[in-house]
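For reference, the structure discussed in these notes is given below.
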There are 2 protein chains.
Amino acid sequence: MVTIKDVAKATGVAPSTVSRVIADNPRISAETKKKVRKAMKDLGYHPNINARNLVAKSTKAIAVIMPSSADKALQNPFFPEILRGIGSITHSMQYSITLSSGQTEAEIFEEVQRLVHGSYVDGVILLYSRLEDRVTSFLREMKFPFVIVGKPYENMNEITHVDNDNFVAGKEITRHLIENGHEKVAFIGGSKELFVTIDREAGYEAALQEAGLEVSDSYKIHTEFLKSGGREAVETLLSLDIPPTGIVITDDLMSVGVLSLLEESGVRVPQDISLVSFNNVYLSEIIRPALTTVDIQIHELGAQSAKALIEKTVNKSEPVKRISIQHQIVYRDSVSKRLK
Amino acid sequence: MVTIKDVAKATGVAPSTVSRVIADNPRISAETKKKVRKAMKDLGYHPNINARNLVAKSTKAIAVIMPSSADKALQNPFFPEILRGIGSITHSMQYSITLSSGQTEAEIFEEVQRLVHGSYVDGVILLYSRLEDRVTSFLREMKFPFVIVGKPYENMNEITHVDNDNFVAGKEITRHLIENGHEKVAFIGGSKELFVTIDREAGYEAALQEAGLEVSDSYKIHTEFLKSGGREAVETLLSLDIPPTGIVITDDLMSVGVLSLLEESGVRVPQDISLVSFNNVYLSEIIRPALTTVDIQIHELGAQSAKALIEKTVNKSEPVKRISIQHQIVYRDSVSKRLK
DNA sequence: CTGTTAGCGCCTTCAT
DNA sequence: ATGAAGGCGCTAACAG
């Protein structure tokens, strides 16, 4: 390994001078700079990050924590996409990403402790948000910079987070159904412990009420991730006295499941039932009918969270922020106009 | 930050002694160990990883390189899954993962250089394999430990890689179609630059030949990732004089696209056409009809590659390995028996 | 068994 | 504008 000393020796200057050249210190003559830089290139010098971190007490690295993989949800294309968003920022700022997943919540907790205590990273992005999460409490206690993608369960004004306005999004997409003549619209969401579900559902209800439509519990389904369980739920929905003509579903991947179930039962989409959902994942575009869905800008969600986090790590007194990412409805073919 | 010195002072021993109990050095008395450990706990001591790395000249970290995100393929659930596989091993061995993606190939190359030159990581896992890849050549030149998930384009016996036996898998899944009475079977694959495609296609042809069936070019389609392009391809296939009754598709996600296209054209699966594909991603289970697909054990692919890489990093003279992960056909509902 | 010393590669005063 | 010296936190000889 070629070190700063080697470069110094080769150039006939002191190590400190080389160090200054690296930092592009203005009080080094242009001449020596050129000389030193040449030597660096010739020798193939690259700064050793560990040595640098050691003295700088900073790592220029952030950790990204994925939800425990008990969540089957991990197969959701949401994750690669958000990672790309984060990566676009980290790359441009010369930061690295340390990825951390884990089978269980405990494993993740361990890992995070290791990461922050060992000074592996300068900050943490949480790709989930759970009630009474030890990781969150730990990070707060340590006063360690972190941001949550989504909505924190507690201390919302004290935790920087980036999220969509899921309430409004839910309202708008439901309204779209209503405007197309649907008066019986159902809701299928994931776990009601999740804020995404809660918010989108609240938006759904608000749209209904706004239109003077009835909000009925029998029209609302919560299912983890539809396999057998979701199946029955959908069947129940269909066998109602007055089955819905439109469904709001909180996730494109779930929509695919529902869609399949429906068509299997001979119900056609959108002729018999209209579907709308959230995320605008690639999948929603290749499936038939292509899904009308709200684009939540996953990439941007990632980019903004990385940006906010990095700002926080360089300036610890950066104020708490609550960043809201725009959403936009993408109109495709899963909604039909219904004559009254 | 509490350091080894603080612990030493608090315990009344030398820093080196503390260092030794951290390493659980056998020649330290049980008594002092206990004493020191207590102090560590009381003070909340945690080793500083950078300092340690600096002297150890090892980072206990590996980099995972994702394909350039020009590949829309990144939304494939394949990635989160393989990351989990890698994570399961790294976690258990106390390694960390540095994730690296990038918009372009050049960006990735830069990043990898930074990672290896700066001693960020001890080894690299490549989640892609491309012809004349600068990253690969660079890693080889540097003699830096790396493994490829998939099949290297060059120097196959000099590069440790973990892969499925895609030829056999392709053959078996095609044979399954044939055994169900399908004599006209088509093939839809991704870019023919990719080894996965090539291997699976070769298997497909082998099965056909084995059964004495004709291999026809008009039955073979290569499409990046079916949007508009794939659409036409499928239509062409259907309008053939003798349209196929079965299709082998190299990826579940593509299958979903094809499936949708087919049903849109009024072709029923599996009644009119049977479909089989690869990967056994969660999606293939929730879609209707559920897909008969070959499970390539993505998780295991990740785990084995991490294991092989770590072995290589601790023992540079570890021999080159070629690890093949078992596959297994998962029979579901996308294939129908066809009477002759 | 434990303490002392040196040094990993870099940055940063403090001099000059 | 540059050099010399010290130290970041840790480990690894080398002494005892």
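By convention in this document, chain letters (A, B, ...) are assigned in the order of the sequence lines, proteins followed by strands, and residues within each chain are numbered from 1. What you see is a predicted model; the values in this text were computed from it and never measured.
Using a 4.0 Å cutoff on non-hydrogen atoms, no part of residues 31-41 of chain B comes near DNA chain D.
Remark on DNA chain C: of its neighbouring residues B:Ala30 and B:Lys57, the 5'-side contact belongs to B:Ala30, judged by nearest-heavy-atom nucleotide. Annotation: of the two residues near DNA chain D, A:Pro26 and B:Tyr45, the 5′-most nearest-nucleotide partner is A:Pro26. Nearest-nucleotide assignment on DNA chain C puts the 5′-proximal partner with B:Gly12, out of A:Ile22 and B:Gly12.
The interatomic distance linking B:Asp24 (CG) with D:dC10 (C1') rounds to 17 Å, in whole Å. To the nearest angstrom, C1' of C:dC8 lies 14 Å from CD1 of B:Ile49. In this structure, CG of A:Asn50 is placed 10 Å from P of C:dC10, rounded to the nearest angstrom. Atom CG in A:Asn53 sits roughly 15 Å away from atom C1' in D:dC10 (whole-Å rounding). Counting to the nearest Å, the C1' atom of D:dA1 and the CD1 atom of A:Ile28 are 6 Å from each other. At whole-Å resolution of the value, NZ in A:Lys5 and P in D:dA4 are 13 Å apart.
Checked against side-chain hydrogen bond (donor to acceptor under 3.5 Å, both in side chains), A:His299 has no partners two or more places apart in sequence or in another chain.
When the nucleotides D:dA4, C:dG9, C:dC11 are ranked by their closest atom to the side chain of A:Ile4, C:dC11 comes out on top. Candidate nucleotides D:dG3, C:dT2, C:dG9 were compared by shortest atom distance to the side chain of A:Thr17, and D:dG3 ranks first. Here the nucleotide nearest the side chain of B:Arg52, chosen from C:dC10, C:dT4, D:dC10, is D:dC10. Among the nucleotides D:dG9, D:dT11, C:dT4, the one closest to any side-chain atom of A:Leu54 is D:dG9.
Using cut-offs of 30° and 60° for the angle between ring planes, the B:Phe138 and B:Phe109 rings count as perpendicular.
B:Lys34 and B:Glu31 are not joined by a salt bridge, as no carboxylate oxygen comes within less than 4.0 angstrom of a charged side-chain nitrogen. A salt bridge links A:Lys33 with A:Asp24: the closest approach of a Lys/Arg side-chain nitrogen to an acidic carboxylate oxygen falls below 4.0 angstrom.
Judged by distance alone, the side chain of B:Glu111 and the main-chain N or O of B:Glu107 form no donor-acceptor pair under 3.5 Å.
A salt bridge (charged side-chain N to carboxylate O under 4.0 Å, His left out) check over residues 42-60 of chain B, counting only residues at least two apart or in different chains, returns the pairs B:Lys38-B:Asp42.
Between A:Ile298 and A:Phe79 the shortest side-chain heavy-atom distance does not fall below 4.5 Å. Within the 4.5 Å cutoff, the side chain of A:Glu158 has heavy atoms near those of the A:Arg140 side chain.
Residue contacts for B:Val13: at a heavy-atom cut-off of 4.0 Å it reaches the sugar-phosphate backbone alone, with no base atom in range.
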Indicate every side-chain donor-acceptor pair of residues 2-17 of chain A with a distance under 3.5 Å to a residue at least two apart or in another chain.
from, atom 1, to, atom 2, distance (Å)
A:Thr3, OG1, A:Lys5, N, 3.0
A:Asp6, OD2, A:Thr3, N, 2.8
A:Thr11, OG1, A:Val7, O, 2.4

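Residues B:Tyr128 and B:Asp133 bring a donor and an acceptor atom of their side chains to less than 3.5 Å of each other.
When the C1' atoms of four end pairs are superposed on the next four at each end of the helix from C:dC1-D:dG16 to C:dT16-D:dA1, using five pairs per end, the two resulting axes differ in direction by 40°, to 10°.
Here the closest heavy-atom approach between residue A:Thr59 and residue B:Asn50 is recorded as CG2-OD1, 3.8 Å.
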Distances under 3.5 Å between nitrogen or oxygen atoms of protein and nucleotides 12-14 of chain D:
from, atom 1, to, atom 2, distance (Å)
D:dA13, N6, B:Arg20, NH2, 2.8

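Contact annotation: A:Ser29 reaches the phosphate of D:dT2 (side-chain N/O to OP1 or OP2, under 4.0 Å).
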